[in-house]
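Report on the following structure.
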Amino acid sequence: MTLLAEPSSVVLARDMVRHALDGWAFGPDLVHDARVVMSELVTNAVNAARGHEIRVRITRYEGRPLLECWDPAPALPTFTDAPVTAESGRGLPIVAAYSRSAGLRPAATGRGKVVWALM
């Protein structure tokens with residue numbers, strides 16, 4: 001799904017995850033965790049590419065949900081050790097904590113990157 005890199009897209013992406021995972025009959029705990037992870041992936045994309053298009057994809061890999069978010073910004077997200085009181089900076093640690101594995105790769109088009117999480 002293509003979305004505009006605006007804060008309201010985070011809600012749409014979370015709803016997309018719920019709809020897909022409910023349709024595949026995943027349990028409520030996994031649906032919750034996947035929604036949290038997609039929120040972080042899309043929030044990072046919105047912050048990196050505000051006003052541009054971003055893309056989210058939900059598929060299955062080896063029977064597990066695979067969440068992906070593409071944005072056109074060349075800058076790579078960084079894993080920071082943000083204090084508990086910080087208003088931002090904990091997105092990637094949250095993704096790492098909730099997912100089985102996560103990473104990023106350059107986009108196939110050569111423009112931007114895809115950040116992914118296998119639940």
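Just so you know, these numbers come straight off a predicted model, no measurement behind them.
Between the CZ atom in Arg64 and the CG atom in Leu118 there is a gap of 6.0 Å [rounded to 0.5 Å]. Summarising the geometry, atom OH belonging to Tyr61 is positioned 15.0 Å from atom CG belonging to Leu67; distances are rounded to the nearest 0.5 Å.
With sequence neighbours excluded, no residue satisfies side chain to side chain contact (heavy atoms under 4.5 Å, CB included) with Pro74.
For the pair Ala45 and Cys69, the tightest heavy-atom approach, listed with the atom from each and the gap, is CB-SG, 3.6 Å. Minimum heavy-atom separation, Arg50 to Pro7: NH1-CD, 3.1 Å. Of all heavy-atom pairs spanning Phe26 and Gly63, the tightest one is CZ-O, 3.4 Å.
Criterion: ILVMFWY side-chain heavy atoms under 4.5 Å apart, direct or through other members. Under it, Leu12 and Val37 are part of a common hydrophobic cluster. In the hydrophobic clustering of this structure, Val11 does not group with Val46; members are Ile, Leu, Val, Met, Phe, Trp, Tyr whose side-chain heavy atoms approach within less than 4.5 Å, directly or through other members. Hydrophobic clustering of Ile, Leu, Val, Met, Phe, Trp and Tyr side chains at less than 4.5 Å, counting indirect connections, keeps Trp116 apart from Leu30.
If you run side chain to side chain contact (heavy atoms under 4.5 Å, CB included) between Met38 and each of Thr43, Val10, Val56, only Val56 comes through.
Residues Leu104 and Val114 form no side-chain contact, since every pair of their non-hydrogen atoms from C-beta on lies 4.5 Å or further apart. By the 4.5 Å heavy-atom criterion applied to side chains, Val115 and Asn44 are not counted as neighbours. Met119 has its side chain out of reach of Leu66: every pair of non-hydrogen atoms, C-beta onward, lies at least 4.5 Å apart. Counting only heavy atoms from C-beta outward, the side chains of Met1 and Arg55 never approach each other to under 4.5 Å. Looking at heavy atoms from C-beta onward, Ile58 lies in side-chain contact with Leu21 at the 4.5 angstrom threshold. A 4.5 Å side-chain heavy-atom check between Asp22 and His19 finds every atom pair outside the cut-off.
With hydrogens and angles ignored, the 3.5 Å screen pairs a side-chain donor or acceptor of Lys113 with a backbone N or O of Ala75. Ser9 places a side-chain N or O within 3.5 Å of a backbone atom of Leu4 that can act as its donor or acceptor partner.
Geometric assessment of Arg57 against the ring of Trp70 yields a negative cation-pi assignment under the 6.0 Å and 45° thresholds.
Salt-bridge check for Glu68 with Arg105: passed, with a basic side-chain N closer than 4.0 Å to an acidic carboxylate O. Ion pairing between Arg35 and Asp15 holds under the 4.0 Å rule for side-chain N and carboxylate O.
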